[in-house]
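In what follows, every chain begins at residue 1, and chains take the letters A, B, ... in the order their sequences are listed. This is a predicted model, so every value here is computed, not measured. We use all heavy atoms of the structure for the numbers below, so side chains are in, but hydrogens, waters and symmetry mates are not.
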Amino acid sequence: MKISIRIQREDFDLNREVTMLAGDGESGAVASFTGHVRKEEDLSTLTLEHYPHMTEAEIARLVGEAGIRWELTGVTIVHRVGPLKPGERIVLVAIASQHRHAAFAACEFLMDYLKTHAPFWKEETRGSEHHWVEHRASDDEAAKRWQK
Amino acid sequence: MKISIRIQREDFDLNREVTMLAGDGESGAVASFTGHVRKEEDLSTLTLEHYPHMTEAEIARLVGEAGIRWELTGVTIVHRVGPLKPGERIVLVAIASQHRHAAFAACEFLMDYLKTHAPFWKEETRGSEHHWVEHRASDDEAAKRWQK
Amino acid sequence: MTLLYFAWVRQKVGKGEEQMALPAGDIAGLIAHLKSLGPNYAEAFADLSRIRVAVNQHHAGLDAKVGANDEVAFFPPVTGG
Amino acid sequence: MTLLYFAWVRQKVGKGEEQMALPAGDIAGLIAHLKSLGPNYAEAFADLSRIRVAVNQHHAGLDAKVGANDEVAFFPPVTGG
């Protein structure tokens, strides 16, 4: 299984990431997810903070768990940090497999666990006000679906 | 809901397609699927034939059904036809929504229905032999999951 | 009536499209008529479990009614995606 | 012991990282000690239902044991993805 986990300030090229995962013909299916900053009336910036090292370690643990649950040929996760504008991409989870159902399931599993386990925090800037985004109970519920 | 349905011989740029769907900040989530030609020992070319006009009409009907079942902000479907080499992309289904679960579900639904309803046929070239790919019963089973 | 053939149905029939003046009827009757036209049609339509039909670009069954101005397509189960 | 603070915990404590010489114990005891150090800590740790903990970069509970060489991080429930 090819694994690439990157925390970075820069944007990513989805086309390039998927080609790197599946361009060799080893995988018939790639399921991808991108999360974007939603435009809201007075939201000017969404700033992401993280816990360096633990972020990568925690994501690697989640990827390892996904690799046990499904037959995967590749996983690429890119999570951006720093200030982002409405419409910009926050996160990419791309999963390659020989089977599309495995790719979809692992992609959704990793998104649900990223949202509840990976140490990132979002701060919104609205006008001159800053405030931290609250964790959502619905994300905990989503992650619980996968508990065996 | 932004809808783009294209049948084309050329490859597509996934990054561009997703930016067109979600770059305006109206959607927080984009789930995408790309299907690729798998490398097999003696497979040199996979050639896709389709039923012009019906293909677009049938895909539009499926997209309409997805738009009734889930709250979506955009759907882009690109399906290639003509000769393709191992590793090349065959199909893109990209779904934008405010909610990631809706995006994932609609993406999987559309892939399952594309495989069972859209009039495309694959012919494999192996050495000097050509043969038509057989429809798989597992694809029918996958599509049946969605019947209400 | 416009008849269209795709994939191996097209190869067995030996053409992709043809016009035919036919009385109104159902798909099953149309296929029976086609099979009487020659061994190429007889072979293409030998096993109806492997044939799918569309009438005016909508999937249809063997009992669908067709008339002079309809477009009828015959093809194997689809394998796209 | 290395202590790390993130997001609003960092802002309330007023720093992101500090070293402290502390006896071995559990996280609950460590938090009780921190709250005694000043109103900034008392405010940051006022509502433990809003605090999450990692020990050596693994998620941990309030009953986790920590010693002199451990890295302990305090932060709000995560909101990435």
Side-chain angles (χ1 to χ4, degrees), chain A residues 11-41 43 46 73-74 84-101 103-112 114-115 138-139 141-142 145, chain B residues 11-41 43 46 73-74 84-101 103-112 114-115 138-139 141-142 145:
Chain A
D11 196 10
F12 47 84
D13 182 330
L14 186 52
N15 200 63
R16 187 170 159 273
E17 299 298 340
V18 169
T19 300
M20 300 225 315
L21 267 182
D24 61 3
E26 296 299 327
S27 323
V30 179
S32 312
F33 179 87
T34 52
H36 301 250
V37 181
R38 240 187 284 177
K39 185 157 63 186
E40 289 172 36
E41 213 179 329
L43 178 74
L46 188 69
T73 50
L84 300 173
K85 298 291 173 197
E88 281 201 85
R89 274 92 67 95
I90 304 168
V91 61
L92 166 68
V93 173
I95 310 289
S97 173
Q98 307 233 356
H99 307 287
R100 73 182 182 282
H101 299 299
F104 274 117
C107 193
E108 206 162 358
F109 167 87
L110 281 169
M111 274 309 302
D112 287 346
L114 263 184
K115 289 211 171 243
S138 63
D139 287 328
E141 291 306 311
R145 295 184 295 158
Chain B
D11 196 9
F12 47 83
D13 182 329
L14 186 53
N15 199 63
R16 187 170 159 273
E17 300 298 341
V18 168
T19 301
M20 302 225 314
L21 267 182
D24 61 3
E26 296 299 327
S27 324
V30 179
S32 312
F33 180 86
T34 53
H36 301 250
V37 181
R38 240 186 286 177
K39 185 156 65 184
E40 289 173 36
E41 213 178 329
L43 178 73
L46 188 70
T73 51
L84 300 173
K85 298 293 174 195
E88 281 200 85
R89 273 93 66 95
I90 304 167
V91 62
L92 167 67
V93 173
I95 311 288
S97 174
Q98 307 233 356
H99 307 286
R100 74 181 182 282
H101 298 299
F104 275 117
C107 192
E108 205 162 359
F109 168 88
L110 282 168
M111 274 309 302
D112 287 346
L114 263 183
K115 290 214 170 239
S138 62
D139 286 327
E141 291 306 311
R145 295 184 295 158

Item to check | Residues which pass side chain to side chain contact (heavy atoms under 4.5 Å, CB included) with Glu141(A), listed by chain and number, not counting sequence neighbours | outcome: Lys144(A)
Next on the checklist: Using a 4.5 angstrom heavy-atom cutoff, name the option from Ile95(A), Val18(A), Asp112(A), Asp24(A) with the most pairs to chain B.
Outcome noted: Asp112(A)
Next on the checklist: Return the NE2 to OG distance between His99(B) and Ser138(A), rounded to the nearest 0.5 Å.
Outcome noted: 9.5 Å
Next on the checklist: Let me confirm one number: the CG-OG1 distance from Asp13(B) to Thr19(A), rounded to the nearest 0.5 Å.
Outcome noted: 8.5 Å
Checklist entry - Can you name the residues of residues 31-40 of chain A that have some heavy atom under 4.5 Å away from a heavy atom in chain B? => result Ala31(A), Ser32(A), Phe33(A), Thr34(A), Gly35(A), His36(A), Val37(A), Arg38(A), Lys39(A)
Checklist entry - Mind checking what makes side chain to side chain donor-acceptor pair (under 3.5 Å) contact with Glu26(B), not counting sequence neighbours? => result none
Checklist entry - Can you tell which of Glu108(A), Met111(A), Gln98(A), Arg16(A) has the highest number of heavy-atom pairs within less than 4.5 Å of chain B? => result Glu108(A)
Checklist entry - Under 4.5 Å, heavy atom to heavy atom, which residues of residues 84-93 of chain B contact chain A? => result Gly87(B), Arg89(B)
